Amino acid sequence: MKLTYQVSDRPSFGKLVTFAIQQLLAIMTATLVVPVVVNNICGTSLSPAAALFGAGVGTLVYLLFTKFRSPVFLGSSFAFINSMCASFAGAASMSVGYIGLIIGAAMAGLVYVVIALIVKLVGVKWISKIMPATVIGPTVAIIGLSLAGNATGDLVSGGLKIDGASVCSPYIAALIGLVTLAVAMVCSAYGKKSGKLIPFIYGILAGYALAVILTVIGNAAGVDELKVVSFESFSALFADGVKFSSFISLPDFTFIKFADLDAGITGSYIASLAVAYVPVAFVVFAEHIADHTNLSSIIEKNLLEDPGLDRTLLGDGVGSVAGALFGGCPNTTYGESIGCVAITKNASVYTILTAAVGAILVSFVSPFIALVNSIPSCVMGGVCMALYGFIAVSGLKMIKDINLNENKNLFVVSVVLISGVGGLSFSFANGTVTLTAVATALILGILTNLLLRRAPETESSEENR
């Protein structure tokens, strides 16, 4: 893939800001959704703005550890949602639960540190032996395919909801989402200069504009099926009148939510946090490998060797702790960010750096957070159809040179794809620990590869050479 901007390239200031905004839009919805989901499940009050701040800080930490050689944004991790809920379920009080978020994230980060030390001592060649392209390729594809349901579900859902159900017609929502996708595709394929480099911004703007127009018509005509956009996030800014906080406000950071450190911190609670977070850290480690292998293929540089898996792991682990300290949500590398790099062919690490700083700054800007929250699901669904699809295709491209006439290769790829697409997952410890479909597929792929890697080649394979 020929990149427009290499990792070390620095676009002009105007382009840099525009590219950074596109990265922010790509990762922001998911980053803001994680604390909302935890709040809905646990009755907590995690701040989406603080999660965005934590994502920005976590990304800066990651960039420092990786010597600014790995262009990917870190955002709130969905994998730790059950773990975060367990922090409150086993806590003596709500304030202890917030302490638990930070302690749990630190435990997960420690797992990354230990693995990084092992990598530093013995190198990364063992990874290619247990996780060759036949394992990693389909696993990367599964990461994209496993998100397909999220994209299509969002595509038929509006932003205005009553009792959790979208008010607008699913056909109207789908129309808006497909317009968003169409504009992004046309800009990327036929556009020149900015159109080719920031297709998602144009797509989101077009989809949002159409959604607003239909919502205005729906409100004027009293037709609920046309009411797509919810303006509640804006009205909440001025619910108590126009104040300074209506424009600038301090995110509600996690570390200021607990009263004292000795209220109910028991040995059993610490043990429950270890059970909830540590196994998930190993799952996210597997996804870390897949993400960085995918990104390596896009930028045509092996990130597992330079800056090195030990550095990417440390950056991810410490960045995850930083995310929890500020926003309660451990961070992880985002497939949306990688997809954005791939489609726009812009791998400039300065874009990621600017996006991280931008995330920190805009977390204080109340109207911007309200604007992002008002973007209807169908608009982001249209964008994510391309982003998630590109992740899947990137994984399939990794196996294009693999000889699938060889039975042992065919078995490995088949096991990963079917278990992943089929959604094979397992829950442990009363549901507090979940082995996701992606992690299950990767583990089964590794075991299948180890079982068959020494098998002799078949005659049909030798004849096809």
Side-chain angles (χ1 to χ4, degrees), residues 77-79 81-82 126-155 279-298 332-336 338-339 342 381 384-428 431 433-461 464:
S77 175
F78 283 82
I81 286 179
N82 287 336
W126 59 276
I127 294 176
S128 61
K129 291 182 179 179
I130 67 172
M131 289 185 283
T134 50
V135 174
I136 290 295
T139 301
V140 171
I142 290 302
I143 291 175
L145 294 174
S146 66
L147 295 169
N150 295 340
T152 55
D154 287 344
L155 189 71
V280 179
F282 284 100
V283 172
V284 179
F285 162 69
E287 295 178 349
H288 176 99
I289 296 292
D291 279 342
H292 285 78
T293 303
N294 185 19
L295 184 59
S296 295
S297 69
I298 293 170
T332 189
T333 50
Y334 257 27
E336 291 91 335
I338 297 173
C384 288
M385 283 188 69
L387 288 176
Y388 299 158
F390 205 96
I391 296 170
V393 172
S394 296
L396 295 176
K397 286 169 64 178
M398 293 181 190
I399 60 173
K400 64 182 178 65
D401 296 325
I402 299 296
N403 182 11
L404 293 180
N405 289 314
E406 177 60 49
N407 283 346
K408 62 181 180 181
N409 293 335
L410 185 60
F411 272 117
V412 174
V413 174
S414 299
V415 166
V416 174
L417 287 177
I418 295 304
S419 58
V421 172
L424 182 63
S425 63
F426 299 94
S427 295
F428 307 95
V433 179
T434 299
L435 195 64
T436 65
V438 173
T440 302
L442 179 61
I443 292 171
L444 290 178
I446 291 172
L447 294 176
T448 305
N449 174 66
L450 293 176
L451 178 65
L452 302 178
R453 64 187 301 261
R454 297 186 182 278
E457 294 186 349
T458 60
E459 292 182 4
S460 59
S461 174
N464 286 327

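In what follows, residues are counted from 1 in the order of the sequence shown. Everything quoted here is computed from the prediction, not taken from an experiment. The analysis underlying the following values was restricted to heavy atoms, covering all of them including side chains, and did not include hydrogens, waters or symmetry mates.
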Original post:
With distance as the sole test, does Asn409 use its side chain to make a donor-acceptor pair with the main-chain N or O of Asn403 at under 3.5 Å?
Top reply: yes
Original post:
Can you tell if the side chain of Thr134 reaches within under 4.5 Å of the side chain of Ile399, non-hydrogen atoms only?
Top reply: no
**OP:** Please name the residue in the list Leu396, Leu404, Val135, Ile402 that meets the side-chain contact (heavy atoms from CB on, under 4.5 Å) test with Val413.
**Re:** Leu404
**OP:** Quick one: pull up CD1 in Ile130 and CG in Asn449 and give me the separation to the nearest 0.5 Å.
**Re:** 8.5 Å
Subject >> Where Thr440 and Phe426 come nearest, the two heavy atoms and their spacing >> reply: CG2-CE1, 3.9 Å
Subject >> Gap separating the CD1 atom of Ile289 from the CE atom of Met131, nearest 0.5 angstrom >> reply: 4.5 Å
Original post:
How long is the span from the CZ atom in Phe390 to the CD atom in Glu336, to the nearest 0.5 Å?
Top reply: 14.5 Å
Original post:
NZ/Lys408 to CG/Leu451 distance, rounded to the nearest 0.5 angstrom?
Top reply: 11.5 Å
Original post:
Would you say Met385 and Leu155 make side-chain contact, with heavy atoms under 4.5 Å?
Top reply: yes
**OP:** Apply the test side-chain contact (heavy atoms from CB on, under 4.5 Å) to residues Leu424 and Leu444: give CA-CA distance (whole Å), side-chain angles for both, the deciding distance (0.1 Å), then the verdict.
**Re:** CA-CA 10 Å; Leu424 182 63; Leu444 290 178; 3.8 Å; yes
Subject >> Closest contact, heavy atoms only, Gly381 versus Asp154 >> reply: CA-CB, 3.8 Å
Original post:
Is it true that a side-chain atom of Asn294 and a backbone atom of Met398 form a donor plus acceptor pair closer than 3.5 Å?
Top reply: no
**OP:** May I have the step-by-step check of side-chain contact (heavy atoms from CB on, under 4.5 Å) for Val416 and Leu442, ending in yes or no?
**Re:** CA-CA 6 Å; Val416 174; Leu442 179 61; over 6 Å; no
Original post:
If you look at every heavy atom in Gly149 and Thr152, which pair is closest and at what distance?
Top reply: O-OG1, 3.2 Å
**OP:** Starting at OG of Ser297, measure out to CD1 of Ile136 and round the result to the nearest 0.5 Å.
**Re:** 11.0 Å
Subject >> Atom pair CD1 (Ile446) and OG1 (Thr139), whose distance is rounded to the nearest 0.5 Å >> reply: 7.5 Å
